[in-house]
Amino acid sequence: MEKKRWDCSALPKGWKMEEVTRKSGLSAGKSDVYYFSPSGKKFRSKPQLARYLGNQMDLSSFDFRTGKMLMSKLNKNRQRLRYDHNNQNKGKPDLNTSLPVRQTASIFKQPVTKVTNHPNNKVKTDPQKAVDQPRQLFWEKKLGGLNAYDIAEELVKTMELPKGLQGVGPGCTDKTLLSAIASALHTSAAPITGQLSAAVEKNPGVWLNTAQPLCKAFIVTDEDIRKQEELVYSVRKRLEEALMADMLAHVEEAATEGEPLKEEGNGSEDMETV
């Protein structure tokens with residue numbers, strides 16, 4: 001075999017190319033090409049060479065047999081890059097969500113590794129967008145037909161709303177309005193004002209504010225607050241009287257059960273005396 005080795009100008013400095021020509025046998029006259037790194041490592045194929053070099057250089061236009069860069073492929077790659085760059089300048093959105101591929105040998109797809117746990121990473125998020133979720137229009141109507149029952153499985157009487165509260169939207173009943181107001185009081189920290197826009201009465205499907213219940217704008221007056229305070233005081237007074245009556249009934253029942261036991265005890269003492 002005849003060996004020839006020389007520097008490869010297409011590869012980084014220190015790389016050498018070796019050509020081995022067979023002189024005998026069935027494969028006489030054929031030659032094999034090898035490459036040696038500056039440290040002396042031997043490479044028998046282009047894939048091995050591409051894996052070793054990695055991001056150091058692009059071997060897509062490199063001819064492993066001759067050790068040169070093919071100008072035809074290089075020009076095609078430049079034209080493709082120029083075409084891609086021009087298309088990007090036109091403002092077309094990139095809808096591809098996959099990670100980019102490293103520009104190494106085309107036969108080896110090496111996706112870029114996405115690192116998210118680096119201590120210096122600063123992720124900017126909008127807390128309002130992360131918490132607030134869009135609501136469906138008239139979602140309160142899904143609560144229609146649901147009733148509340150007490151422990152004795154008797155239907156609880158529906159609350160009566162003030163006359164100043166008027167519903168908004170298609171097929172809005174008193175039960176739907178009550179569900180909407182109760183849900184807004186429990187799920188929203190903002191004040192409950194109702195639908196402030198007058199256009200919502202004409203087209204509620206367009207102008208409806210989903211953050212407010214399905215009712216027209218209303219104002220709570222001092223008289224309404226006074227009436228509510230009197231109602232709460234009356235309910236508390238009735239509850240207090242009911243608890244007091246229940247306690248007295250328990251005391252009387254305990255006293256009634258204790259008298260027969262006392263009489264039975266006195267009879268046994270008389271028998272012992274006799």
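Residues: numbered from 1 along the sequence shown.
In this structure, CH2 in W15 is found 14.0 Å from OG in S9, a value given to the nearest 0.5 Å. One distance of note links CG of D7 with CZ of F36; it measures 13.0 Å at 0.5 Å rounding. The distance from the NZ atom of K16 to the CZ atom of R5 is 7.5 Å, given to the nearest 0.5 Å.
A continuous path of hydrophobic side-chain contacts links I225 to L185 [ILVMFWY only; heavy atoms under 4.5 Å]. Cluster membership for V232 and I181, using ILVMFWY side-chain heavy atoms within less than 4.5 angstrom, is not shared. Residues L178 and L231 are members of separate hydrophobic clusters, defined by side-chain heavy-atom contacts under 4.5 angstrom among Ile, Leu, Val, Met, Phe, Trp and Tyr.
Under a 3.5 Å cut-off, the side chain of E18 and the backbone N or O of K3 do not form any donor-acceptor pair. Looking only at distances, no side-chain donor or acceptor of Q212 sits under 3.5 Å from a matching main-chain atom of I192. Although no hydrogens or angles enter the test, the distance criterion places no donor-acceptor pair under 3.5 Å between the side chain of Q166 and the main chain of C215. A donor-acceptor contact shorter than 3.5 Å links the side chain of Q48 to the backbone of R44. In this structure, K46 contributes its side chain and L59 its backbone to a donor-acceptor pair below 3.5 Å.
Residue pairs satisfying the salt bridge (Lys or Arg N to Asp or Glu O under 4.0 Å) criterion with at least one member in residues 219-234, sequence neighbours excluded, are listed as follows: E223-R226, R226-E230.
Nearest heavy atom pair, residue G67 against residue C8, reads O-SG, 3.5 Å. Residue V168 comes nearest to P204 through the heavy atom pair CG1-CB, 4.4 Å, listed as atom of the first residue, atom of the second, then distance. When all heavy atoms of Y35 and T66 are compared, the closest pair comes out as OH-C, 4.3 Å.
Using a 4.5 Å cut-off on side-chain heavy atoms (C-beta onward), L214 and L208 make contact. L49 has its side chain within reach of L11: a pair of non-hydrogen atoms, C-beta onward, lies under 4.5 Å apart. Using a 4.5 Å cut-off on side-chain heavy atoms (C-beta onward), D32 and R22 make contact. Annotation: side chain of L53 is in contact with side chain of Q56 (closest heavy-atom distance under 4.5 Å).
No more than 12 heavy atoms of other residues, nucleotides or ligands lie within 6.0 Å of NZ in K13, so this atom counts as exposed by the packing criterion.
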Q: I would like to know whether Y52 and F43 meet ring pair (Phe, Tyr, Trp, His ring centres under 6.0 Å); could you show each step before the answer?
A: CA-CA 9 Å; Y52 183 81; F43 299 90; 4.9 Å; yes
Q. Would E19 and W6 count as a side chain to side chain contact (heavy atoms under 4.5 Å, CB included) if you check the C-alpha gap in whole Å, the side-chain angles of each, and the deciding distance to 0.1 Å?
A. CA-CA 9 Å; E19 184 178 8; W6 60 88; 3.6 Å; yes
